There are 2 protein chains.
Amino acid sequence: MMKFEQLAHSPIFRGMKPDQISRRLSEIVYQVRRYGKDDQVVLMGQPVEALMIVQKGSVRGEMVDYSGRTLKIEDIEAPRPLASGFLFGNNRRFPVTVIANEETEILVIPTGEFLKLMQHEQQILTNYLNAISSRTQFLSQKLHFLSFKSIREKVAHFLLQQAGQWLHSVELKQTQQQLADLFGVTRPALARVFGEMQREGLIEIDRKTILLKDRKGLNDLLKNG
Amino acid sequence: MMKFEQLAHSPIFRGMKPDQISRRLSEIVYQVRRYGKDDQVVLMGQPVEALMIVQKGSVRGEMVDYSGRTLKIEDIEAPRPLASGFLFGNNRRFPVTVIANEETEILVIPTGEFLKLMQHEQQILTNYLNAISSRTQFLSQKLHFLSFKSIREKVAHFLLQQAGQWLHSVELKQTQQQLADLFGVTRPALARVFGEMQREGLIEIDRKTILLKDRKGLNDLLKNG
DNA sequence: TCCGTTTTGTAACAATTGATACATTTCTGG
DNA sequence: CCAGAAATGTATCAATTGTTACAAAACGGA
């Protein structure tokens, strides 16, 4: 069936053949809900009691701030799941209000049924575990990066990370502007730090190539900063 | 057996009776490794190919910085698992080097066997899913909090979050110093912002009670900052 | 209640970064 | 090779926060 073809590309059913998906789904209780344009799918704060996968169409997540204005957060298109990270854990509530962008079909698998699915089909289990683990790892890394306060620290950490253990130079693959955005600082501020570090003999810059002249010095920035 | 009694309190086997744990473990392949004080358990960067649970004793995680110095990160005592968030996902490597603090026993369950365990015992599956989901949710919230740059924004967000939708005042449960640490700023800087916001008529402070006089004003800080 | 400790309010100054502007260099397509 | 665009280096000033210090207020136990 066409819809299982589509689902085979979703993060949850990845690696399974459409007929396998069909067979597994037939073993459990699930439903398909249809929404029209601008229909509300879920309300922020509602308990998450099922895995919901956008099967056709797309939805958007919106947050309502404390004074009542709405703010679009993200789009989710088929065949991606929504709020898959809030199906388990302490906080099982939708972090956003979800609204259909167009004619949309959503596959709804109650949490209990999804557990069965994972127990019966190892591929689904590993897919789901990989998905939420990857997310945790991503967040964890991002958080570690944000723990460096000053621009000097961020630059030092970035360069040492990029260079690894043996390389003595780093090839920048992005512009200063992109790097500044990554660090969450302004471009002139970043350029200033590059300039300072070069004058201090920590690094040497030639176009996109940065030579690490004083690894120990760069390191000390990460502790004594 | 004593050790299963202990394991019943671990995040992974929580909610199971010792004899249930014993029975489930008998269905799979696992091993128990013993370490003496200061023995190295795993090396940073090694692939994570098994779930490891400290069954007796305790271990510490250490990171080696770029210049070779070691830095203690955290202690893990029985009956907690180590690196349980790195068993799946893109980055399946130990983020730290792990060293035994004392005579230590570690239960080692290869990833494939752990998958079987989760498929056979729903309690273990939900325990594990809850554990890593909670961690994701925690990190996600922390990251969102860090997205507010200025202290004013952090304070406004914190107060509105604490107050919820209806309350008009917030009872501080921690000292300014603790709050400042939570925000990652210095205490005088935080006190200054409190003072400013009070002078501006946004809030009114009486001891540990903060009255929100202008919710809309606080809100605007979150956007226009 | 009284005294020592902790917490809080406040100030002055230094350090860092953002905002903005502009000249220079490098890149890119013709 | 050339011209326009993009990227980079640099400067100035404003805003924010850290640092340090000290006094007032609140707290807690004898």
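Bear in mind the structure is a predicted one, so any value in this text is a computation, not a measurement.
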- [ ] Spell out protein contact along nucleotides 9-24 of chain D as letters: B when the base is contacted, S when just the sugar-phosphate is, - when no protein heavy atom is under 4.0 Å; keep the 5' to 3' order.
- [x] BBBB----BBBB----

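The pair B:E62-B:R60 meets the salt-bridge criterion, with a side-chain N (NZ, NE, NH1 or NH2) lying under 4.0 Å from an Asp/Glu carboxylate O. A salt bridge does not link B:K37 to B:E102: none of the charged side-chain nitrogens sits closer than 4.0 Å to a carboxylate oxygen. The existence of a salt bridge linking B:R152 and B:E200 is confirmed by a sub-4.0 Å separation between a basic side-chain nitrogen and an acidic carboxylate oxygen. At a threshold of 4.0 Å, the pair B:E204-B:K213 counts as salt-bridged, since one of the basic side-chain nitrogens sits closer than that to a carboxylate oxygen. With respect to the salt-bridge test (charged N to carboxylate O, under 4.0 angstrom), the residues A:D39 and A:R33 do not qualify.
Taking five base pairs at each end of the helix from C:dT1-D:dA30 to C:dG30-D:dC1 and finding the rotation axis that steps the C1' atoms of four pairs onto the next four gives two axes whose angle is 50°, to the nearest 10°.
The distance from atom CG of A:D181 to atom P of C:dA19 is 12 Å, rounded to the nearest whole Å. Summarising the geometry, the separation between CG on B:L172 and P on D:dC27 is reported as 13 Å, rounded to the nearest angstrom. Atoms CZ (A:F183) and P (C:dT17) sit 12 Å apart, rounded to a whole Å. In this structure, the CD atom of B:Q177 is 11 Å from the C1' atom of C:dT6, given to the nearest Å. Going from atom CD1 of B:I210 over to atom P of C:dT7 covers 16 Å, rounded to whole Å.
Taking the centre of each ring, B:Y128 and B:F114 come in below the 6.0 Å mark.
A tilted orientation is assigned to the rings of B:F183 and B:F145, their planes being inclined by 30° to 60°.
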Show every donor-acceptor pair shorter than 3.5 Å between a side-chain atom in residues 75-84 of chain A and any protein atom, with sequence neighbours excluded, or say none if there are none.
residue : atom : partner : partner atom : Å
A:D75   : OD1  : A:N101  : ND2          : 2.7
A:D75   : OD2  : A:K72   : NZ           : 2.7

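If you take CD on B:Q6 and CD1 on B:I53, they are separated by 11.0 Å, rounding to the nearest 0.5 Å.
Distances shorter than 4.0 Å separate some side-chain N or O of A:K208 from OP1 or OP2 on D:dT8.
Under the rule for a side-chain contact (heavy atoms from CB on, under 4.5 Å), the partners of A:D181 that lie at least two apart in sequence or sit in another chain are A:Q177. Scanning for side chain to side chain donor-acceptor pair (under 3.5 Å) contacts around B:Q174 gives an empty result, with sequence neighbours left out.
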Within the sub-3.5 Å range, which N or O atoms of nucleotides 2-5 of chain C have a protein N or O partner, and how far apart are they?
none

